[in-house]
2 protein chains.
Amino acid sequence: MELRHLRYFVAVAETGSLTIAAEQRLHTSQPSLSRQIRDLEDEVRAELFSRSARGVELTASGKAFLDHARLALAQVDAATEAARRAAQPAKQAFALGFQTGEEITWLPRAMQILRDELPDIDVTVSSS
Amino acid sequence: MELRHLRYFVAVAETGSLTIAAEQRLHTSQPSLSRQIRDLEDEVRAELFSRSARGVELTASGKAFLDHARLALAQVDAATEAARRAAQPAKQAFALGFQTGEEITWLPRAMQILRDELPDIDVTVSSS
DNA sequence: TCTGGTTACGTAGTCCGTAAAGATT
DNA sequence: AATCTTTACGGACTACGTAACCAGA
């Protein structure tokens, strides 16, 4: 499993369509995306989407995976930001929390805003 | 950036040596590992290690990156576990916390133990 | 001079895009 | 019949391994 799989998965989950996610968000071909999602499901050993002629829909496993996948991607961004900021000694740390099960689409954006507004603070993620 | 970069980085950070990490932990060649670490540093735009004739040592940026990288990898594991467990409805959720700056080498192992002992509980990570 | 990291280069694995097929409404 | 996903296949990118080179103690 690579971060590419997580990025692809989140895009498909948010659009509900392989075609739309591939063309409008990932700028890749739809068959390639289909294969990557299948590979991810094989590795996780769980069906993450249920397919239909109208698109794809998250399964219970997919919903569970989505929350963690978003957190993982946010954590990677946090890693990069923290490393870049470490040159200038950070003054304070700040943790952004959320409740499992809630919609956390806003989380990456919230982290971005906080970092822009408070460049000296080390903003990280916290699940509970 | 891909998860491979994070896995490689953590292995090098923990062994303090490209050679040992490559041969004993990653089972890859040392030059290939050197290149991947360099690529990671290029993408993060920060020096993560200081090289010497005795091995490599984490810089301040590297230390900051390490905590977040471990968290991200743990979160990916949590994603897989949560997806697999979602077939059987989870009963309770449990968050494992830590303090930034402390050593969190134990965290992945602690999560594994808790999951083995409490298979019905959804164990996640929490930084603060 | 020995240990450890870097550079060079050819190979192989795999990700991607195009084309065709399958399935469901 | 139209829409969306899957399968098939050829090309291109890149990660890997081997070999040679470089630097510090």
Side-chain angles (χ1 to χ4, degrees), chain A residues 1-63 65-66 69 72-73 76 83, chain B residues 1-63 65-66 69 72-73 76 83:
Chain A
M1 193 189 308
E2 293 295 342
L3 287 177
R4 178 184 58 259
H5 295 108
L6 302 186
R7 298 188 185 105
Y8 286 9
F9 169 80
V10 171
V12 173
E14 290 179 352
T15 59
S17 160
L18 288 176
T19 306
I20 296 176
E23 292 177 357
Q24 299 184 9
R25 294 204 26 186
L26 300 172
H27 307 294
T28 186
S29 73
Q30 184 274 329
S32 180
L33 177 58
S34 174
R35 177 61 177 275
Q36 294 297 320
I37 295 295
R38 181 71 71 187
D39 289 347
L40 176 62
E41 290 177 309
D42 286 349
E43 183 163 355
V44 175
R45 293 204 303 269
E47 291 270 316
L48 301 177
F49 294 106
S50 59
R51 276 81 163 171
S52 78
R54 294 186 312 280
V56 298
E57 196 175 7
L58 281 172
T59 62
S61 292
K63 288 195 183 78
F65 193 83
L66 180 59
L73 290 172
V76 170
Chain B
M1 192 190 310
E2 293 295 341
L3 287 177
R4 177 185 59 258
H5 295 109
L6 301 186
R7 298 188 184 104
Y8 285 9
F9 169 80
V10 171
V12 173
E14 290 180 350
T15 59
S17 160
L18 288 175
T19 305
I20 296 176
E23 293 178 355
Q24 299 185 9
R25 293 205 26 187
L26 302 172
H27 307 293
T28 186
S29 72
Q30 183 274 329
S32 179
L33 177 57
S34 173
R35 177 60 177 274
Q36 295 296 319
I37 295 295
R38 182 71 71 187
D39 289 347
L40 177 62
E41 289 176 310
D42 286 347
E43 183 163 355
V44 175
R45 295 204 302 270
E47 291 271 315
L48 302 177
F49 294 106
S50 59
R51 276 79 164 172
S52 78
R54 294 188 311 282
V56 297
E57 195 174 8
L58 281 172
T59 62
S61 291
K63 288 195 182 80
F65 193 83
L66 179 59
L73 291 172
V76 170

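Naming convention: chains lettered A, B, ... in sequence-line order (proteins, then strands); numbering from 1 in each chain. Everything numeric here is computed off the predicted structure, so don't read it as measured data.
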Checklist entry - Which atom pair, heavy atoms only, marks the closest approach of B:A69 to B:L6? => result CB-CD2, 4.2 Å
Item to check | Length of the CD-P vector between B:Q24 and C:dG4, whole Å | outcome: 11 Å
Checklist entry - Do you know which two heavy atoms are closest between B:S61 and A:A83, and how far apart they sit? => result OG-O, 2.7 Å
Checklist entry - How many angstroms lie between atom CG of A:L18 and atom CZ of A:R35, to the nearest 0.5 angstrom? => result 14.0 Å
Checklist outcome for this item: Rounding to the nearest 10°, end axes of the helix from C:dT1-D:dA25 to C:dT25-D:dA1 built from five pairs each make an angle of 30°
Item to check | Rounded distance in Å - CG (B:L18) to C1' (C:dT3) | outcome: 13 Å
Next on the checklist: Apply salt bridge (charged side-chain N to carboxylate O under 4.0 Å, His left out) to residues B:R38 and B:D42 and explain how you reach the verdict.
Outcome noted: CA-CA 6 Å; B:R38 182 71 71 187; B:D42 286 347; 5.8 Å; no
Item to check | Non-neighbouring partners of B:S50 that pass side chain to side chain contact (heavy atoms under 4.5 Å, CB included), sequence neighbours left out | outcome: B:E57, B:T59
Next on the checklist: Would B:L48 and B:I37 count as a side-chain contact (heavy atoms from CB on, under 4.5 Å) here? Give the steps.
Outcome noted: CA-CA 9 Å; B:L48 302 177; B:I37 295 295; 5.9 Å; no
Checklist entry - Rounded to the nearest 0.5 Å, what separation is found between the CG atom of A:D39 and the OG atom of A:S34? => result 9.5 Å
Checklist entry - Given side chains that start at C-beta, do those of B:R7 and A:E2 come closer than 4.5 Å, heavy atoms only? => result yes
Run the side-chain donor-acceptor check on residues 23-32 of chain A: report pairs under 3.5 Å with partners two or more places apart or on a different chain.
| residue | atom | partner | partner atom | Å |
| --- | --- | --- | --- | --- |
| A:R25 | NH1 | A:E14 | OE1 | 2.6 |
| A:R25 | NH2 | A:E14 | OE1 | 3.3 |
| A:S29 | OG | A:S32 | N | 3.4 |

Checklist entry - Which nucleotide of DNA chain D is the first, and which the last, in the 5' to 3' direction, to come under 4.0 Å of a heavy atom belonging to chain B? => result D:dA15 to D:dA25
Item to check | C:dT6 OP1/OP2 closer than 4.0 Å to side-chain N/O of B:S34 | outcome: yes
Item to check | ring pair (Phe, Tyr, Trp, His ring centres under 6.0 Å) partners of B:F9, counting only residues at least two apart | outcome: B:F49, B:F65
Next on the checklist: Rounded to whole Å, how long is the line connecting atom CD of B:E23 with atom P of C:dG4?
Outcome noted: 10 Å
Checklist entry - Does the side-chain contact (heavy atoms from CB on, under 4.5 Å) test come out yes or no for A:H5 and B:L3, once each step is laid out? => result CA-CA 10 Å; A:H5 295 108; B:L3 287 177; over 6 Å; no
Checklist entry - Could you write nucleotides 16-25 of chain C as a row of B, S and -, 5' to 3', where a protein heavy atom under 4.0 Å of any base atom gives B, of only sugar-phosphate atoms gives S, and otherwise -? => result BBBB----BS
Checklist entry - Across the strands shown, which category fits A:R35 at heavy-atom distances under 4.0 angstrom: base, sugar-phosphate, nothing? => result nothing
